[in-house]
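In this text, all values refer to a predicted model and were calculated from it rather than measured experimentally. All residue numbers in this chain count up from 1 along the given sequence.
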Amino acid sequence: MNTWRNASLAVTAAAVLALTTACGQETGTETPNGQAVGAANPAQPGNGYGSDAGYGSETGGEAAAAKPAGQLAVWESEELGKVLADSAGLTLYRFDKDTAEPPKSNCEGDCAKTWPVVAAGGASAAPGVDPSLIGEVTRADGTKQLTIGGWPMYRYAKDTKAGDVKGQGVGGTWYAAAPDGKKAAPGAGGEAGGDEGTEPADLAGLSVRKDPKLGEIVVDKNGMTVYRFMKDSAWPMKTACTGDCLKKWPVVEPVEKNDTVGILKKGFVTFDRPDGIEQQTIDCWPIYTFAGDSKPGDTNGQGVGGTWYAVSPEGKPVGAPK
């Protein structure tokens, strides 16, 4: 019994030491006010598939049998640019939790009811698009799914007619596909060139953007500015943004270290918030986006309330008072 207890204590101590090493080096940390709450309960990871219902829809029953795409087509969206569609004109989507290299689908079970997979086979490239982009991936159940540029393709159950794009941005993980399998965006997809100065269609989970006023700041996978809250603290990790605050300042979900570009890796850990949400940190500081930013490049959250500031690649608040 004593041997088991000693081993358990040793493991616990090692875990605490590891977190201290990652997050205990911060100096000059602001002391959170009485509103702050600490990490107490283990997080219940979000599903990331689309909405409060879990997958972006309330559809039930069995997943529909996968249907092939047939002759692929491209339609022009005023907001999204060139969008890939199947032979019936239904928009095709890609899922951020999938991978293209190697191709892998992570949408199974209930997810596939809301996001029906596109069967491989019988697909023809859209006019003007490289046919070599068409491929397939074997799913966990052994069926074959169409891939474009390595990305598994899906339809959305709530799209009922040609030109519908109701799945765009659902859950922050589902996006209409461009003709080359990347995320549809003005200037992206299938053809050489594109508009100069447009935001890249595919970004790392966290990367760095050069803002003309603020300098180098962190952006998320969608190119949206990332912020820090001055009432939070890094050690111990605590958040003062709860409840309605999170409606205006959504947390940045956990990001793999290897899915970052130019970001400080020290203290790059997941914060298990007491409300059960998992949140990414940089240098142990919880990070957020701002609901008032509507497009990549917006920095409308900068300086709000004298407590919210864009984040530098080192996790520092850009432009905050000394």
Kindly compute the distance separating [atom1] ([X]) from [atom2] ([Y]), expressed to the nearest 0.5 Å.
X	Y	atom1	atom2	result
Thr91	Leu80	OG1	CG	8.5 Å
Phe268	Cys284	CZ	SG	11.0 Å
Met224	Thr289	CE	OG1	7.0 Å
Trp151	Thr99	CH2	OG1	7.0 Å
Leu92	Leu84	CG	CG	4.5 Å
Arg228	Ser312	CZ	OG	8.0 Å

Side-chain donor or acceptor of [X] paired with backbone N/O of [Y] under 3.5 Å:
X	Y	answer
Asp283	Gly315	no
Asp259	Gly205	yes
Thr281	Val269	yes
Thr307	Met230	no
Gln280	Thr270	no
Asn300	Gly292	yes
Thr147	Gly135	yes
Glu216	Val208	no

The residue among Thr225, Val318, Ile217 that forms side-chain contact (heavy atoms from CB on, under 4.5 Å) with Asp211 is Ile217
Do we see a donor-acceptor contact under 3.5 Å between the side chains of [X] and [Y]?
X	Y	answer
Lys144	Thr138	yes
Asn222	Tyr175	yes
Glu79	Ser77	no
Asp220	Tyr288	no
Thr160	Lys166	no
Tyr227	Thr299	no

[X] to [Y] - nearest heavy-atom pair and separation:
X	Y	result
Pro286	Ser233	CD-O, 4.1 Å
Cys107	Asp98	N-OD1, 4.0 Å
Ala157	Pro116	N-CD, 4.0 Å
Ile148	Pro179	CG2-O, 3.5 Å
Pro103	Gly150	CB-O, 3.3 Å
Ala88	Ala162	O-CB, 3.6 Å

Test item: [X] and [Y] side chains (from C-beta on) under 4.5 Å apart, heavy atoms:
X	Y	answer
Leu146	Val137	no
Leu206	Val226	yes
Val218	Ser207	no
Pro127	Gln71	yes
Ile282	Ile263	yes
Lys238	Asp232	no
Arg273	Val251	yes

Is there a path from Trp75 to Tyr156 through hydrophobic residues (I, L, V, M, F, W, Y) whose side chains come within less than 4.5 Å of each other?
->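 Trp75 and Tyr156: one cluster.
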Quick one: which of Trp249, Tyr309, Trp308 gives a ring pair (Phe, Tyr, Trp, His ring centres under 6.0 Å) with Phe290?
->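 It is Trp249, the one option of Trp249, Tyr309, Trp308 that forms the ring pair (Phe, Tyr, Trp, His ring centres under 6.0 Å) with Phe290.
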How far apart are the C-alpha atoms of Asp272 and Glu278, what are their side-chain angles, what is the distance that settles it, and do they pass the side chain to side chain contact (heavy atoms under 4.5 Å, CB included) test?
-> CA-CA 5 Å; Asp272 292 338; Glu278 288 191 321; 3.5 Å; yes
Run the ring-centre check on Phe229 versus Trp285 and record whether the distance is less than 6.0 Å.
-> no
Verify the ring-centre separation between Trp115 and Tyr93: is it less than 6.0 angstrom?
->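 Aromatic pair counts; centres sit under 6.0 Å.
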Can you tell whether the side chains of [X] and [Y] come within less than 4.0 Å, N to carboxylate O?
X	Y	value
Arg155	Asp86	yes
Glu76	Lys82	yes
Asp96	Lys183	yes

So Thr260 and Val255, side chain to side chain contact (heavy atoms under 4.5 Å, CB included) or not? Walk me through it.
-> CA-CA 8 Å; Thr260 66; Val255 175; 4.0 Å; yes
Are Val74 and Val83 close enough, and set up right, to give a side chain to side chain contact (heavy atoms under 4.5 Å, CB included), and what steps lead you there?
-> CA-CA 5 Å; Val74 177; Val83 176; over 6 Å; no
Results of salt bridge (Lys or Arg N to Asp or Glu O under 4.0 Å) for Lys295 - residues two or more places apart only |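 Residues passing salt bridge (Lys or Arg N to Asp or Glu O under 4.0 Å) with Lys295: Asp298.
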Per the salt bridge (Lys or Arg N to Asp or Glu O under 4.0 Å) rule, which among Arg139, Lys113, Lys97 passes with Glu108?
-> Arg139
Please say whether more than 12 non-hydrogen atoms of neighbouring residues, nucleotides or ligands are located less than 6.0 Å from CD in Glu256.
->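 At most 12 heavy atoms, drawn from other residues, nucleotides or ligands, come within 6.0 Å of this atom.
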Take the angle between the ring planes of Phe95 and Tyr154 and call it parallel below 30°, perpendicular above 60°, tilted in between.
-> perpendicular
Before giving the answer on side chain to side chain contact (heavy atoms under 4.5 Å, CB included), spell out for Leu72 and Ile134 the whole-Å C-alpha distance, their side-chain angles and the decisive distance to 0.1 Å.
-> CA-CA 10 Å; Leu72 294 170; Ile134 296 177; 4.2 Å; yes
